[in-house]
Amino acid sequence: MAQDPYLGRVITAFEGGITTRVITHPSHPDRVFAYDVTFLLQHPRVIAVASQKPPLHFHPHQEEYIQVLEGRLAVEVEGKERVLTSEDGEMTIFPWTNHRLYSPVTNDKEDDLKVTRFLLSAESTPELFRLDTVFFQNWYAYQDQIVVKGEKIDLIQVMSMFDAGGCYLSLPRWIPFSTTIAQALGIVVGRWIGGILGYQPFHRKWTTDWEFACRKMETSIFQRRFADRSKTE
């Protein structure tokens with residue numbers, strides 16, 4: 001197996017409010033990625049977005065695994081929130097399951113919780129458009145543009161990145177065949193229309209393994225033009 005160019009790397013977001021250390025999973029080294037993630041709950045950037053939940057989404061091709069090491073982490077699965085602690089062990093998010101994770105908001109003034117730390121990993125898949133570090137590195141960087149630099153969120157850009165990361169934004173559950181429709185929308189809008197309009201899922205300035213990012217984009221005729229290996233920024 002080729003050496004992971006990200007192994008040991010630390011990816012930061014929100015001006016250090018979130019740090020993600022790329023590791024080999026201690027129990028499952030065959031997983032496509034494993035991260036030791038830390039949320040600094042009293043960091044100003046983390047506090048500023050604490051009440052804003054990330055988008056609900058699902059992954060068609062991979063199981064995702066979450067294990068809290070310190071503090072608490074909220075995981076919403078199919079509309080039901082569960083707050084995990086280190087006593088809960090590893091939680092599995094199955095493919096096609098609508099979910100999101102975030103720091104639990106508390107109104108308890110005596111709650112002095114400062115850190116949430118957890119392992120995040122996913123199973124391997126032959127799909128190139130999948131959850132992996134190329135996706136997360138670009139997604140964190142894009143969120144920084146919104147949270148730190150104040151740029152407006154662009155739905156097509158989000159859908160382009162999510163599709164390339166094997167993720168699709170969830171639709172309301174009452175819509176028949178909602179996950180199938182959501183995946184189709186992600187591909188048509190994020191990959192096809194987005195590619196025509198100039199939206200690319202990965203950016204050279206945000207990507208360590210640009211060679212692999214180019215290989216991913218070359219699989220789509222709509223994104224092939226972005227796979228320029230001569231780029232330095």
Side-chain angles (χ1 to χ4, degrees), residues 11 13 32-33 49 52-62 64 76 78-79 93-102 122 125-233:
I11 302 170
V32 70
F33 69 81
V49 299
Q52 303 173 32
K53 295 180 181 179
L56 273 170
H57 61 282
F58 62 90
H59 318 295
H61 307 296
Q62 292 166 281
E64 190 174 20
E76 182 182 328
E78 299 296 356
I93 305 294
F94 294 101
W96 300 100
T97 301
N98 298 304
H99 67 283
R100 55 186 164 193
L101 57 88
Y102 45 89
T125 172
E127 297 286 335
L128 279 180
F129 279 22
R130 65 186 187 186
L131 284 176
D132 59 18
T133 310
V134 173
F135 162 71
F136 278 108
Q137 192 175 33
N138 279 265
W139 176 235
Y140 276 145
Y142 181 66
Q143 289 184 88
D144 264 356
Q145 302 299 303
I146 308 302
V147 175
V148 177
K149 297 186 178 180
E151 295 185 8
K152 291 185 178 180
I153 194 164
D154 188 319
L155 183 58
I156 298 179
Q157 182 64 68
V158 172
M159 294 176 78
S160 173
M161 286 182 157
F162 268 42
D163 169 58
C167 307
Y168 299 93
L169 297 173
S170 301
L171 295 174
R173 288 183 296 162
W174 52 263
I175 296 178
F177 310 107
S178 60
T179 52
T180 301
I181 294 171
Q183 185 184 24
L185 280 173
I187 294 172
V188 172
V189 176
R191 190 184 313 177
W192 298 355
I193 296 176
I196 292 170
L197 295 177
Y199 289 87
Q200 59 188 83
F202 309 122
H203 296 259
R204 181 66 187 96
K205 62 183 177 181
W206 295 337
T207 308
T208 299
D209 192 354
W210 184 240
E211 169 64 30
F212 189 41
C214 287
R215 283 172 51 204
K216 289 168 174 279
M217 293 187 288
E218 284 171 343
T219 64
S220 168
I221 61 172
F222 298 98
Q223 297 176 348
R224 198 167 294 162
R225 61 194 173 107
F226 306 129
D228 182 357
R229 287 172 172 78
S230 67
K231 281 185 176 180
T232 57
E233 286 293 336

Can you tell if the side chain of [X] reaches within under 4.5 Å of the side chain of [Y], non-hydrogen atoms only?
X	Y	result
Tyr199	Ile193	no
His61	Arg130	no
His203	Tyr142	no
Leu169	Leu155	yes
Arg225	Gln200	no
Val158	Ile153	yes
Phe135	Phe129	no
His59	Cys167	yes

What pair of heavy atoms forms the shortest contact from [X] to [Y], and how long is it?
X	Y	answer
Ala164	Lys216	O-NZ, 4.4 Å
Ser178	Pro172	CB-O, 3.6 Å
Trp210	Arg229	NE1-CA, 3.8 Å
Ala227	Glu218	CB-CG, 3.6 Å
Ser160	Gln223	OG-NE2, 4.2 Å
Leu56	Asn98	CD2-C, 4.2 Å

Next on the checklist: For a side chain to side chain contact (heavy atoms under 4.5 Å, CB included) check, start with the C-alpha distance between Ile187 and Tyr168, then their side-chain angles and the critical distance, and finish with the verdict.
Outcome noted: CA-CA 9 Å; Ile187 294 172; Tyr168 299 93; 3.9 Å; yes
From [atom1] ([X]) to [atom2] ([Y]), nearest 0.5 Å:
X	Y	atom1	atom2	answer
Gln52	Ile146	CD	CD1	11.0 Å
Gln137	Thr208	CD	OG1	3.5 Å
Phe226	Asp228	CZ	CG	11.5 Å
His57	Thr97	NE2	OG1	10.5 Å
Lys53	Arg100	NZ	CZ	5.0 Å
Glu78	Ser170	CD	OG	7.5 Å

Item to check | Backbone of Gly166 reached by a side-chain donor or acceptor of Glu127 within 3.5 Å | outcome: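 Pair absent, no side-chain N/O of Glu127 close to backbone of Gly166.
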Item to check | Candidates Trp139, Phe136, Phe58 - the one meeting ring pair (Phe, Tyr, Trp, His ring centres under 6.0 Å) with Phe162 | outcome: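 The single option meeting the ring pair (Phe, Tyr, Trp, His ring centres under 6.0 Å) with Phe162 is Trp139.
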Checklist entry - What residues form a salt bridge (Lys or Arg N to Asp or Glu O under 4.0 Å) with Glu151, not counting sequence neighbours? => result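 Partners of Glu151 by the salt bridge (Lys or Arg N to Asp or Glu O under 4.0 Å) criterion come out as none, since no residue qualifies.
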Checklist entry - Can Ile11 and Thr133 be said to form a side chain to side chain contact (heavy atoms under 4.5 Å, CB included), step by step? => result CA-CA 10 Å; Ile11 302 170; Thr133 310; 3.9 Å; yes
Checklist entry - When you look at Gln183 and Trp96, which way does the side chain to side chain contact (heavy atoms under 4.5 Å, CB included) test go after all the steps? => result CA-CA 10 Å; Gln183 185 184 24; Trp96 300 100; 3.1 Å; yes
Next on the checklist: According to side-chain hydrogen bond (donor to acceptor under 3.5 Å, both in side chains), who are the partners of Asn138, at least two apart in sequence or on a separate chain?
Outcome noted: Thr207
